[in-house]
Amino acid sequence: MALYSEKVMDHFRNPRNVGVIENADGVGEVGNAKCGDIMKIYLKIENDIIADVKFETFGCASAIASSSMATELIKGKPVSEALALTNQAVAEALDGLPAHKVHCSVLAEEAIKNALKDYYAKSNME
Ligand code: FES
């Protein structure tokens with residue numbers, strides 16, 4: 001029985017949207033104190049749409065696959081949809097994560113939420 005789904009392996013081996021956005025509209029960083037993994041999300045937002053998104057993840061395979069999938073799920077979507085993205089949705093899109101790896105997808109949800117918070121703070125909105 002394989003521990004990881006093919007989608008997890010695919011996104012781990014070929015992560016989408018890796019990198020940095022210079023002058024990003026929002027940047028969010030989160031870490032997990034237990035495993036020490038860190039995830040950083042950069043957003044470019046135009047007319048309330050996630051025009052571009054990039055990530056840097058220093059972490060486990062599941063964290064990298066989760067960041068990659070999460071960026072794919074919010075790219076081109078309205079800000080409201082990005083805000084509503086849950087770690088369950090990320091894990092489901094990856095065809096599931098092992099139970100002890102679910103917290104890795106939580107990092108992706110939190111990093112995106114933090115980046116949106118940063119965006120709202122910068123643009124002086126609630
Ligand atoms: Fe830390 Fe996966 S083990 S994010």
Side-chain angles (χ1 to χ4, degrees):
M1 189 196 83
L3 185 55
Y4 293 112
S5 72
E6 266 172 43
K7 273 194 192 157
V8 172
M9 291 312 293
D10 175 33
H11 278 261
F12 168 56
R13 292 205 179 104
N14 309 294
R16 329 298 198 256
N17 309 309
V18 175
V20 173
I21 298 178
E22 301 294 340
N23 303 316
D25 297 308
V27 180
E29 187 175 333
V30 285
N32 181 301
K34 265 198 203 148
C35 61
D37 292 346
I38 295 171
M39 191 181 293
K40 203 164 176 181
I41 296 265
Y42 301 83
L43 298 174
K44 192 90 211 150
I45 297 173
E46 279 159 21
N47 300 322
D48 231 33
I49 300 284
I50 311 291
D52 199 11
V53 47
K54 294 248 187 290
F55 79 90
E56 293 177 301
T57 292
F58 306 95
C60 71
S62 302
I64 290 167
S66 294
S67 344
S68 170
M69 182 54 88
T71 57
E72 287 286 275
L73 289 173
I74 64 167
K75 203 173 185 175
K77 299 279 163 57
V79 167
S80 57
E81 268 184 51
L83 257 180
L85 182 76
T86 62
N87 79 291
Q88 288 95 329
V90 174
E92 265 167 38
L94 288 169
D95 290 337
L97 285 169
H100 68 288
K101 285 287 171 183
V102 167
H103 75 271
C104 317
S105 62
V106 174
L107 273 190
E109 176 188 333
E110 287 179 347
I112 289 171
K113 292 220 160 83
N114 282 352
L116 288 168
K117 241 188 238 169
D118 182 49
Y119 164 65
Y120 283 125
K122 279 183 182 146
S123 48
N124 245 330
M125 291 188 280
E126 277 289 281

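Throughout, residue positions are numbered sequentially from 1 according to the sequence presented. Computed from a predicted model, the values in this text were never measured in an experiment. Counting starts at 1 for both ligands and their atoms, following the listed order.
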- Do Glu72 and Asn17 meet the criterion of a side-chain donor-acceptor pair at a distance under 3.5 Å? yes

- Taken by chain and residue number, the protein N/O/S atoms under 2.8 Å from atom 2 (Fe) of ligand 1 read Cys60 SG, Cys104 SG

- Item | For the student: nearest non-hydrogen atoms of Asn114 and Glu29, plus distance | ND2-O, 3.4 Å

- Query: Between Asn47 (side chain) and Ile49 (backbone), is there a donor-acceptor pair under 3.5 Å?
  - Reply: no

- Over all atoms of both residues, closest heavy-atom pair of Val27 and Asp118: N-OD2, 2.7 Å

- Does anything in residues 10-25 pair up under salt bridge (Lys or Arg N to Asp or Glu O under 4.0 Å), and if so which pairs, sequence neighbours excluded? Asp10-Arg16, Asp25-Lys44

- Which pair of heavy atoms, one from Ser105 and one from Asn87, lies closest together, and at what distance? OG-ND2, 3.1 Å

